[in-house]
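What follows is a single structure, written as structure tokens, with notes after it.
Below, chain A is the first sequence line, B the second, and so on; all start at residue 1.
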Amino acid sequence: MEETQNRLKFEIAQAVLKAGLATEEELPDVVLDQPKDKTHGDYATNIAMQLARIAKMAPRKIAEDIVAQFDETRASIKKMEIAGPGFINFFMDNHYLTNLIPNILKAGETYGKTNTGNGHKIQVEFVSANPTGDLHLGHARGAAVGDALCNILEKAGYDVQREYYINDAGNQMMNLALSVEARYMQALGEEWDMPEDGYHGKDIIELGMEIANKDGDKWVHQSEEARRKFFREYGLSYEVQKLENDLRQFGVTFHNWFSETSLYTENKLKPTLEKLKEKGYIYEKDGATWFRSTDFGDDKDRVLIKQDGSYTYLTPDIAYHKNKLDRGFQTLINIWGADHHGYIPRMKAAIQALGYEANTLEVEIIQMVNLFQDGQKVKMSKRTGKAITLRELMEEVGVDAMRYFFVMRSSDSHLDFDIDVARSQSNENPVYYAQYAHARICTMLKQAQEKGLDVNAQYNASLLITEKEENLLKRLGEFPQVVADAAEKRTPHRITQYIFELASTLHSFYNAEKVLDQDNIERTKARIALMKAVRITLENGLTLIGVSAPEKM
RNA sequence: GUCCCAGUAGCUCAGCAGGAUAGAGCAACAGCCUUCUAAGCUGUGGGUCGCAGGUUCGAAUCCUGCCUGGGACGCCA
């Protein structure tokens, strides 16, 4: 498929040169479309319009010259037409599709893999929620989108590393310690107020009880310092473990959990500040140390070291990003919640101040998730009265529905998540629609075997000539390009769209044609092979977004 | 006040590194199961792509201004 397109593009370029319409330097990239309308052929190019200015001729005249010079014998062309303002439409003879099925069956789970990423080293940092409570739905969407994006990038040939940044060094750790302390004391029956900025999640209540049960009143008698140090460390490891467990259950794992504290223990901050100072982006004012981020288009300069001598959040963050770059990543992708978008200009400024291109850092903003049930907006959990957590929703609707819905829409638009739809086993639920297509194929393959048909038999793909079959073949052939495109544009939702389209094409075929037909064994064999190819492609697509492909439903 | 994102069918959204008659799901209406799962299929109706200019052979897509909705603007993290 890809070869077919490249061949076609090459031949078009040759025809343009032969017709003397442009020199090799002037020649623009040949763009091939797959028109939606079948009367416009299998492929179309707008090259004639693009050349209008260069060749100083009318687009239709240019198109005629190109067609005249085109060597049809070299690219499986049945027919060419000039249409509209100057499109050239190519109608392929269908041999170009017959290799597709064997290729897919041979590739199996690697079908869809391309090398468009060319081993480009890319790091994706996502979720990175503070270790002070449960993951909520914004985090869940970030996790689903981030993981899907990583899968897609890998499939497109990028060298991807997934990382979670643990904010375990700021003031919030003291708040965590004080919150655990309060819950511990309360568990022992003491009167003890929660700190002002404390964490009120039920996970902290459970943690307080856990320590009280295990250690009794041991910590009441310790010095405040020793006690809080213990609660801090205990709380942190408890929270991190919980994050890791919840995410793993959600199907999301990381190569690396990076501790903010390690930036201090491994002395990464000073050298970062030195480097910025060296380059002249740092100055002192009002007893504080500032970063001149306005040099790179930020609204105002930012404080790095406060009057009291402590660092702002930005300082370790710059050191962290320098560390990432030092590790050799060529592109950094950060997936952030919408509330952090104001932070992008200063972070990009920092990247540039460190001597890198601004677009070395890409920030994908994940918009809010609104939950709906019974037609009403839901904000709070019925059980706890707090914001609904990832864990609760997993229990409520299951991982598959969440993963699908969270990547279904483009990340920069708000997402309405309807619990009733996600749970419904009906045609309004796209997850079931896609999984159902997969299960249907599995049933057919199983029945084929029960009827004594060899599902691995030799087949003749040229027997697949009906319109529905051709639609399926074309759809299957698009997959590698769709994945590559989704990777390049960082648009995981393109994959859910494709899955839906493929499922729809399959359902349509299924209703129109019968696969298992004892009276036409040769065609049955070919259709079985086609079904296997569709099944593989569906499963590969679903796997990219972290959704299972069940064999029966 | 400054900045970011969004505004496309009744609803939820695709399409936006310009291309042919703007697509899909839901909802509405009319059909399809003695035959591989009807969790499915087929068909019909439904649009001044927020508004106004501009660039172009061509604009939902790019540029400018305006309107509406959401969000961000700490020596918090």
Using ring centroids (six-membered ring only for Trp), state whether A:Phe405 and A:Phe417 fall under 6.0 Å. yes

Rounded distance in Å between the P positions of B:rG7 and B:rU61: 11 Å

Side chain of A:His40 - closest among B:rC36, B:rA20, B:rA14: B:rA20

Within less than 4.0 Å of OP1 or OP2 of B:rC73, is there a side-chain N or O belonging to A:His341? no

Per-pair stack call A:His414 and B:rG70, 5.5 Å, 30°: no

Distance between the P atoms of B:rG58 and B:rA20, in whole angstroms? 14 Å

What distance do A:Lys348 atom NZ and A:Ile351 atom CD1 have between them, rounded to the nearest 0.5 Å? 8.5 Å

Less than 4.0 Å between a side-chain N and a carboxylate O, is that true for A:Arg535 and A:Glu539? yes

Distance test, side-chain N/O of A:Ser508 to OP1/OP2 of B:rU42, below 4.0 Å: yes

Looking at B:rA39, I'd like to know if its phosphate oxygens (OP1 or OP2) sit under 4.0 Å from a side-chain N or O belonging to A:Arg440. no

Count the heavy atoms belonging to other residues, nucleotides or ligands that lie under 6.0 Å from CD of A:Glu233, then report whether that count exceeds 12. yes

Answer for the Watson-Crick or wobble partner of B:rG65, both distances under 3.5 Å, is B:rC51

Considering Watson-Crick and G-U wobble pairs with both distances under 3.5 Å, what does B:rG23 pair with? B:rC13

Indicate whether A:Phe87 forms a stack on B:rA20; treat it as stacked only if centroid distance is below 5.5 angstrom and interplanar angle below 30 degrees. yes

In the structure shown, which nucleotide is the Watson-Crick or G-U wobble counterpart of B:rA38, with both distances under 3.5 Å? none

Side-chain N or O of A:Asn130 less than 4.0 angstrom from OP1 or OP2 on B:rA77? no

Taking only N and O in the side chain of A:Tyr343, is any of them less than 4.0 Å away from OP1 or OP2 of B:rG74? no

